[in-house]
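For ligands, and for the atoms within them, numbers begin at 1 and follow the listed sequence. Scope of the values below: all heavy atoms of this structure, side chains included, with no hydrogens, waters or symmetry mates.
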Amino acid sequence: MTDTLRLKASPRGLARAATVLQGGGLVAFPTETVYGLGGDASNDRAVARIYEAKGRPSFNPLIVHFSDLATVQAYVHWSDMAQRVADALWPGPLTLVLPLREGARLSKLVTAGLDTLAVRVPANPVARALLRAAGVPVAAPSANRSGRISPTRAAHVLETLDGRIDAVLDGGACDVGLESTILGLAGKPTLLRPGRVTCEQLTDLLGRPVAQRKDSEQISAPGQLGSHYAPSALVRLNAAEWEPDEARLAFGPVESCDLNLSPTGDLVEAAANLFEYLYRLDATGAPRIAVMPVPHVGLGVAINDRLSRAAAPRN
Ligand code: TXA
Ligand code: MG
């Protein structure tokens with residue numbers, strides 16, 4: 001348990017919240033849609049703690065929040081279509097999914113290994129002030145325990161996250177009260193989640209049809225995402241011993257391995273390292289990655305979900 005700081009949206013409260021974010025801590029903050037549970041998107045451990053605090057059973061990719069358009073463009077490949085909707089609707093309750101720039105300094109856990117990134121420039125003045133002061137990209141899912149209702153007031157955040165996060169920045173009630181509209185622009189324009197900004201509005205702005213995904217839960221499940229990352233090496237789970245040609249991914253105290261998710265058996269550390277280590281071991285060219293068992297509790301459930309997807313039969 002952590003003592004969750006209650007911060008006012010005063011200059012002092014904002015400065016404190018920014019410092020917490022810069023230090024890898026978690027801050028719930030208001031946006032015009034819902035309260036977000038923010039953490040530094042370039043910090044593996046901060047992102048792992050977001051999943052842990054929410055108690056999410058799997059690693060859904062997260063939306064990264066920025067204070068301005070220029071900063072967004074350092075992380076994604078921008079396009080004319082993106083420019084058109086951003087000109088009209090940013091800052092505001094719209095998220096864009098765009099191709100991730102190679103070498104963008106972000107935790108791989110933020111995108112759950114995808115090569116696209118969801119980006120948003122919120123309009124809420126408290127959110128904007130916080131993002132400017134923090135100066136880091138801020139990953140933020142809705143600030144509620146998994147499976148609970150999205151919070152539109154600081155008190156709602158505390159109902160499910162008190163003691164699990166470092167601070168909540170109280171900026172009053174959210175205007176929209178519904179998560180942002182998500183527009184996919186990595187391929188043909190697709191509405192990935194409905195919201196205040198409507199499909200008709202987007203179609204008008206783009207001057208072309210916007211495809212609709214009906215079930216937003218479907219696309220949000222990592223296994224359903226077409227481009228979802230799986231290593232090219234085969235993955236062998238619950239390895240009790242190593243075989244000769246394998247890249248060896250350990251968990252907990254062991255004598256020999258190639259990489260260790262967490263030598264001390266810390267699940268937050270293991271989650272923070274998971275995607276990065278799978279990438280690194282895959283890059284060695286080993287035909288198979290063997291992974292030691294990870295306890296199926298807390299964040300271990302999400303880690304095992306991702307590992308079993310990586311190990312699932314390919315076609
Ligand atoms: O209004 C909002 O968008 C709030 C505030 C805090 O900004 N945030 C929010 O985040 O709703 P979250 O994590 O609850 O929802 C993120 C959604 C998920 O459905 C996720 O699958 C989708 O965005 N998403 C994120 N990255 C994606 C990607 N690269 N491709 C497709 N979908 C993505
Ligand atoms: Mg949510």
Side-chain angles (χ1 to χ4, degrees), residues 26-39 41 47 50-51 53-67 75-77 89-101 104 106-124 126-128 130-131 137-152 156-157 160-161 165 168-169 171 174-187 189-197 211 213 215-229 275 302:
L26 301 188
V27 178
F29 65 98
T31 79
E32 69 276 28
T33 58
V34 299
Y35 273 73
L37 175 53
V47 178
I50 292 177
Y51 290 102
K54 281 188 68 83
R56 271 195 180 176
S58 64
F59 297 119
N60 285 337
L62 303 177
I63 298 171
V64 181
H65 299 66
F66 298 90
S67 59
Y75 290 85
V76 291
H77 290 288
L89 299 167
W90 271 4
L94 174 73
T95 295
L96 300 178
V97 173
L98 290 160
L100 179 65
R101 265 188 200 280
L106 280 186
S107 163
K108 283 194 168 43
L109 200 52
V110 163
T111 54
L114 291 172
D115 54 9
T116 55
L117 180 67
V119 292
R120 163 156 138 75
V121 177
N124 178 294
V126 176
R128 291 173 67 73
L130 176 65
L131 292 166
V138 174
S142 52
N144 52 282
R145 289 278 285 173
S146 183
R148 306 292 290 277
I149 297 163
S150 293
T152 55
H156 300 170
V157 174
T160 67
L161 295 177
I165 63 177
V168 57
L169 183 59
C174 304
D175 294 340
V176 178
L178 192 70
E179 283 93 344
S180 61
T181 302
I182 304 182
L183 175 65
L185 287 177
T190 306
L191 187 75
L192 300 175
R193 182 172 71 184
R196 164 74 64 89
V197 173
R213 280 276 177 74
D215 186 349
S216 55
E217 287 309 307
Q218 286 275 308
I219 58 114
S220 70
Q224 309 279 342
L225 293 165
S227 55
H228 200 73
Y229 170 77
F275 287 94

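Take Thr190 and apply the side-chain contact (heavy atoms from CB on, under 4.5 Å) test, not counting sequence neighbours, and it matches Lys188, Leu192, Ala211, Arg213. Residues satisfying the side-chain contact (heavy atoms from CB on, under 4.5 Å) test with Arg56, not counting sequence neighbours, are Tyr51, Lys54, Asn60, Leu62, Pro141, Ser146. Every side-chain contact (heavy atoms from CB on, under 4.5 Å) that Arg101 has, sequence neighbours left out, goes to His77, Ala104.
The shortest distance between side-chain heavy atoms of Arg196 and Leu94 does not fall below 4.5 Å. A 4.5 Å side-chain heavy-atom check between Leu131 and Val138 finds at least one atom pair inside the cut-off. Under the 4.5 Å side-chain criterion, counting only non-hydrogen atoms from C-beta, Leu89 is not in contact with Thr181. Under the 4.5 Å side-chain criterion, counting only non-hydrogen atoms from C-beta, Val34 is not in contact with Asn144. His156 has its side chain out of reach of Ser150: every pair of non-hydrogen atoms, C-beta onward, lies at least 4.5 Å apart. Between Ile50 and Leu26, some side-chain heavy-atom pair lies under the 4.5 Å cut-off. Counting heavy atoms from C-beta outward, Leu109 and Phe59 have side chains that approach closer than 4.5 Å.
At a 4.0 Å cut-off, at least one heavy atom of Ile63 sits close enough to ligand 1 to count as contact. Under a 4.0 angstrom heavy-atom cut-off, Asn60 registers as lying outside contact with ligand 1. The closest approach between a heavy atom of Arg56 and any atom of ligand 1 is below 4.0 Å.
Near Leu114, the atoms of ligand 1 lying under 4.0 angstrom from a non-hydrogen atom of the residue are 28 (C), 29 (N). Close approach of ligand 1 to Gly36 (heavy-atom distance below 4.0 Å) involves ligand atoms 6 (C). Set against the non-hydrogen atoms of Thr116, the atoms of ligand 1 under 4.0 Å away are 28 (C), 29 (N), 30 (N). Atoms of ligand 1 found under 4.0 Å from any heavy atom of Ile182, numbered from 1 in the order shown, are 17 (C), 22 (C), 23 (O). Shown in contact with Ala140 at under 4.0 Å from a heavy atom are these atoms of ligand 1, numbered in order with element: 6 (C), 8 (N), 10 (O).
Of all heavy-atom pairs between Leu178 and Gly195, the closest is CD2-CA, 4.1 Å. Ala41 and Val110 get closest at one heavy-atom pair: O-CG2, 3.5 Å.
Taking only nitrogen or oxygen atoms, main chain and side chain alike, Thr31 does not reach within less than 3.5 Å of ligand 1. Residue-to-ligand polar distances keep Tyr35 apart from ligand 1: every N/O pair is separated by 3.5 Å or more. Between His65 and ligand 1, a contact under 3.5 Å exists for at least one N or O pair.
Using a 4.0 Å cut-off between heavy atoms, Leu37 makes no contact with ligand 1 at all. The proximity of Lys54 to ligand 1, defined as any non-hydrogen pair under 4.0 Å, does not occur for either the backbone or the side chain. The proximity of Thr33 to ligand 1, defined as any non-hydrogen pair under 4.0 Å, is limited to the side chain.
The heavy atom nearest to atom 26 (N) of ligand 1, considering only Pro141, Pro61, Ala139, Pro99, is found in Pro61.
For the Mg ion (ligand 2), the nearby protein N/O/S atoms, meaning those under 2.8 Å, are Ser142 OG.
Thr33 places no side-chain N or O within 3.5 Å of a backbone atom of Glu179 that could act as its donor or acceptor partner.
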